[in-house]
Amino acid sequence: MQEETAQSAIDTFIAAFNASDDSHVTALLSRALTSDVVFWGPLGRSEGIEAVERFVLDLRRHPAGAGTMTRCSAVDMPDEWARYRWVFTTPDGGPRLAGTDVVHLRRNLIDQVIVFAGEIGPLAS
């Protein structure tokens with residue numbers, strides 16, 4: 001049951017990246033995130049839905065064209081933390097980026113997002 005709640009919030013968050021129009025992004029994020037969400041992204045730490053919205057809109061305006069964000073794993077949820085893998089692909093087989101997000105849930109909404117983009121390299125010998 002807990003994983004289903006997390007999956008719903010996560011899938012709504014991902015849907016914001018794939019919204020049919022930029023005007024739908026805020027509504028989707030508001031259904032998935034707390035108003036005081038802390039977002040640890042590729043450019044550092046930011047707070048609030050507006051900061052996450054800027055990140056999502058920037059990614060939607062990728063130079064290679066609007067891409068598609070997809071959750072490509074199950075949601076693994078020990079207690080109030082969850083993780084999942086995602087992939088972002090631009091149109092026409094353009095650049096592809098994959099990673100793992102770790103999210104914390106409070107009252108069925110995501111209140112922290114930690115984005116790990118790219119693959120982890122092998123252990124140096």
Side-chain angles (χ1 to χ4, degrees):
M1 181 68 133
Q2 191 175 7
E3 285 179 349
E4 291 172 6
T5 301
Q7 182 175 321
S8 177
I10 289 164
D11 288 346
T12 302
F13 171 60
I14 289 173
F17 290 89
N18 303 318
S20 59
D21 186 88
D22 284 354
S23 65
H24 298 239
V25 171
T26 303
L28 288 164
L29 292 177
S30 295
R31 289 186 8 225
L33 310 174
T34 62
S35 61
D36 62 345
V37 63
V38 177
F39 184 78
W40 300 86
L43 303 175
R45 182 183 190 275
S46 57
E47 292 183 33
I49 289 177
E50 298 81 16
V52 179
E53 180 181 22
R54 281 190 301 276
F55 176 79
V56 171
L57 291 174
D58 284 349
L59 192 57
R60 287 172 56 86
R61 295 180 182 110
H62 191 282
T68 303
M69 181 71 74
T70 307
R71 178 172 56 85
C72 58
S73 75
V75 172
D76 178 30
M77 186 169 189
D79 204 19
E80 71 253 14
W81 290 93
R83 68 178 173 162
Y84 61 94
R85 296 197 40 76
W86 52 266
V87 63
F88 176 78
T89 307
T90 57
D92 302 326
R96 176 187 150 119
L97 180 64
T100 300
D101 283 2
V102 176
V103 299
H104 183 268
L105 282 96
R106 182 177 78 219
R107 295 185 311 272
N108 301 328
L109 296 173
I110 298 168
D111 69 348
Q112 292 185 61
V113 180
I114 305 169
V115 177
F116 292 93
E119 299 296 325
I120 298 175
L123 185 62
S125 35

Are [X] and [Y] connected in the hydrophobic side-chain network, where two residues link if heavy atoms are under 4.5 Å apart?
X    : Y    : answer
Y84  : V52  : yes
V37  : W86  : yes
V102 : I10  : no
F13  : L105 : yes
I14  : L57  : yes

Exercise. Given the rule in the side-chain contact (heavy atoms from CB on, under 4.5 Å) test, do F39 and L33 qualify, once you have shown the distances and angles that lead to the verdict?
Worked result: CA-CA 10 Å; F39 184 78; L33 310 174; over 6 Å; no

With rounding to the nearest 0.5 angstrom, report the [atom1] to [atom2] distance, [X] to [Y].
X   : Y    : atom1 : atom2 : answer
D76 : W81  : CG    : CH2   : 13.5 Å
L29 : I110 : CG    : CD1   : 9.5 Å
L59 : L97  : CG    : CG    : 8.5 Å
E47 : W40  : CD    : CH2   : 8.5 Å
R45 : Q112 : CZ    : CD    : 8.0 Å
R31 : I49  : CZ    : CD1   : 12.0 Å

Exercise. Does CZ belonging to R71 count more than 12 external heavy atoms closer than 6.0 Å?
Worked result: yes

So which heavy atom on [X] is nearest to which on [Y], and how close?
X    : Y    : value
A32  : A9   : CB-O, 3.3 Å
A6   : V75  : CB-CG1, 4.2 Å
D111 : H104 : OD1-ND1, 2.7 Å
A16  : V56  : O-CG1, 3.7 Å

For this session: State, with a plain yes or no, whether a side-chain heavy atom of R54 is found less than 4.5 Å away from one of L43.
Result: no

For this session: Evaluate the ring pair (Phe, Tyr, Trp, His ring centres under 6.0 Å) criterion for residues F88 and F17: first the C-alpha distance (whole Å), next the side-chain angles of each, then the deciding distance (0.1 Å), finally the verdict.
Result: CA-CA 9 Å; F88 176 78; F17 290 89; 7.6 Å; no

Is there a donor-acceptor contact under 3.5 Å from the side chain of [X] to the main chain of [Y]?
X   : Y   : result
Q2  : D79 : yes
T12 : S8  : yes
R60 : A19 : yes

For this session: Could you tell me whether R85 and E119 have a side-chain N and a carboxylate O separated by less than 4.0 Å?
Result: yes

